[in-house]
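Proteins come first, then strands; the chains are lettered A, B, ... in the order of their sequence lines, and each starts at number 1.
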2 protein chains.
Amino acid sequence: MTKVILTKKQKELIEHVGIFFEHQGFPPAVARIFGLLLVSDKLELSFEEIYSSLNISKSAASNAINLLLNTNKIEYITKPGDRKRYFKVRIDQWEKMIKERFQGFSSYISLIQEIHDQRTKNTKAFNSSLKDLIGFLTFMSTEFPMLYEKWRKSKK
Amino acid sequence: MTKVILTKKQKELIEHVGIFFEHQGFPPAVARIFGLLLVSDKLELSFEEIYSSLNISKSAASNAINLLLNTNKIEYITKPGDRKRYFKVRIDQWEKMIKERFQGFSSYISLIQEIHDQRTKNTKAFNSSLKDLIGFLTFMSTEFPMLYEKWRKSKK
DNA sequence: TTATTAGTTCGTATATAACAGAACTAACAG
DNA sequence: CTGTTAGTTCTGTTATATACGAACTAATAA
């Protein structure tokens with residue numbers, strides 16, 4: 001029972017983060033583990049610390065951790081002469097996550113384009129709204145990388 | 001059985017659109033109905049046309065349509081001396097949908113802020129990455145409205 | 001060689017989402 | 001009044017997601 005010590009506030013925040021990530025489509029246990037790793041004072045937690053701190057089963061923890069590893073949300077480190085793995089948030093990957101959110105646009109664009117292309121020509125106003133939408137999303141997806149550069153420079 | 005006539009290509013596209021909206025979190029039947037209304041030559045479809053064209057039950061259609069109405073994805077019109085309602089996509093609402101996508105950022109920001117504020121001060125690098133992330137998202141959420149204006153002007 | 005540790009895998013229970021079908025309701029039509 | 005239409009609500013079924021717990025495995029330790 002190598003639990004991580006957590007204040008009441010931290011426990012509440014883990015639930016809060018958990019619910020947030022559930023809304024993003026993660027299963028409850030996955031979302032809690034991610035929350036724990038974000039909130040805990042200790043950044044690198046062992047398998048046992050994770051499942052015992054959250055009162056979830058080993059199997060649930062195993063599956064959840066593997067999901068988080070596979071989607072690059074977390075990674076693990078090892079220590080010489082220690083068989084355990086220590087899991088931590090891949091905070092370095094946040095840029096990628098944000099970009100993925102924008103990437104969503106491009107599949108949105110091609111879907112709407114596909115709809116537009118097969119539509120009857122008789123519904124002019126509707127088709128032109130679709131065109132508008134495509135135009136806007138295309139504009140956004142070209143502007144976004146520039147905006148990103150702008151921010152990167154302003155940071156220095 | 002007042003089915004809408006659909007080409008094979010249109011039927012396929014409805015499924016394609018359906019799967020896309022399933023990924024966005026809509027139930028299958030809801031996603032199909034939305035797909036049908038986007039793809040069909042006829043823009044305004046009656047209750048019966050919808051459920052019979054998609055081979056879904058009346059109850060499924062009723063619930064799905066109400067969900068789409070409640071979330072402003074569709075609306076309906078009526079015709080004098082005709083008790084039916086004719087449902088159509090609220091294409092005018094697409095701007096709002098995009099904005100909602102960005103609105104998501106602000107709740108993301110406040111969550112990360114909350115995590116950052118309660119963290120131990122001992123994990124400097126990690127905390128500073130969180131700060132970076134907050135800075136970037138804040139930057140994006142202020143720049144977005146400007147970008148939107150830029151597009152609107154360029155359109156005219 | 002035996003025990004322990006660090007996880008994984010498998011079978012099972014539980015909850016819930018999604019839909020079908022039938023019964024129902026409200027409005028209007030004849 | 002009686003029937004019909006347009007849609008809703010209720011009940012039951014099925015499929016799937018999630019997690020538990022126990023058995024298992026592979027590596028190290030003693």
Inset, instruction - Using only side-chain N and O atoms of A:R85, determine if any of them is under 4.0 Å from OP1 or OP2 of C:dT8. - result: yes

Legend entry - Closest approach of A:I115 to B:L38 (non-hydrogen atoms, all atoms of both residues): CG2-O, 3.6 Å

Which whole-number value in Å describes the distance from [X] [atom1] to [N] [atom2]?
X	N	atom1	atom2	value
B:L67	D:dG7	CG	P	17 Å
B:D82	C:dA29	CG	P	11 Å
B:L54	C:dA20	CG	P	10 Å
A:Y51	D:dG21	OH	P	12 Å
B:K79	D:dT5	NZ	P	18 Å
B:L68	C:dA18	CG	P	13 Å
A:N55	D:dC20	CG	C1'	13 Å

Under 30°, 30 to 60°, or over 60°: which ring-plane class applies to [X] and [Y], parallel, tilted or perpendicular?
X	Y	result
B:F139	A:W151	tilted
B:Y108	A:F21	perpendicular
A:F26	A:F34	parallel

Legend entry - Residue whose closest nucleotide on DNA chain D lies nearer the 5' end, A:R83 versus A:I56: A:I56

Legend entry - salt_bridge(A:D132, B:K155) N-O dist < 4.0 Å: yes

Legend entry - Donor-acceptor pair, side chain of B:S141 and main chain of B:T138, under 3.5 angstrom: yes

Inset, instruction - For the pair B:S40 (side chain) and B:L37 (backbone), establish whether a donor and an acceptor sit closer than 3.5 Å, ignoring hydrogens and angles. - result: no

Inset, instruction - Walk me through it: do B:Y86 and B:D82 pass the test side chain to side chain donor-acceptor pair (under 3.5 Å)? - result: CA-CA 10 Å; B:Y86 294 86; B:D82 183 346; 2.7 Å; yes

Inset, instruction - Indicate whether the side chain of B:E95 and that of B:Y148 have a donor and an acceptor atom separated by less than 3.5 Å. - result: yes

Inset, instruction - Using a cut-off of strictly less than 4.0 Å between a heavy atom of the residue and any atom of DNA chain D, enumerate the qualifying residues of residues 58-66 of chain A by number. - result: A:S59, A:A60

Legend entry - Of residues 15-50 of chain B, the positions that come close to DNA chain D - non-hydrogen atoms, cut-off under 4.0 Å: B:F47

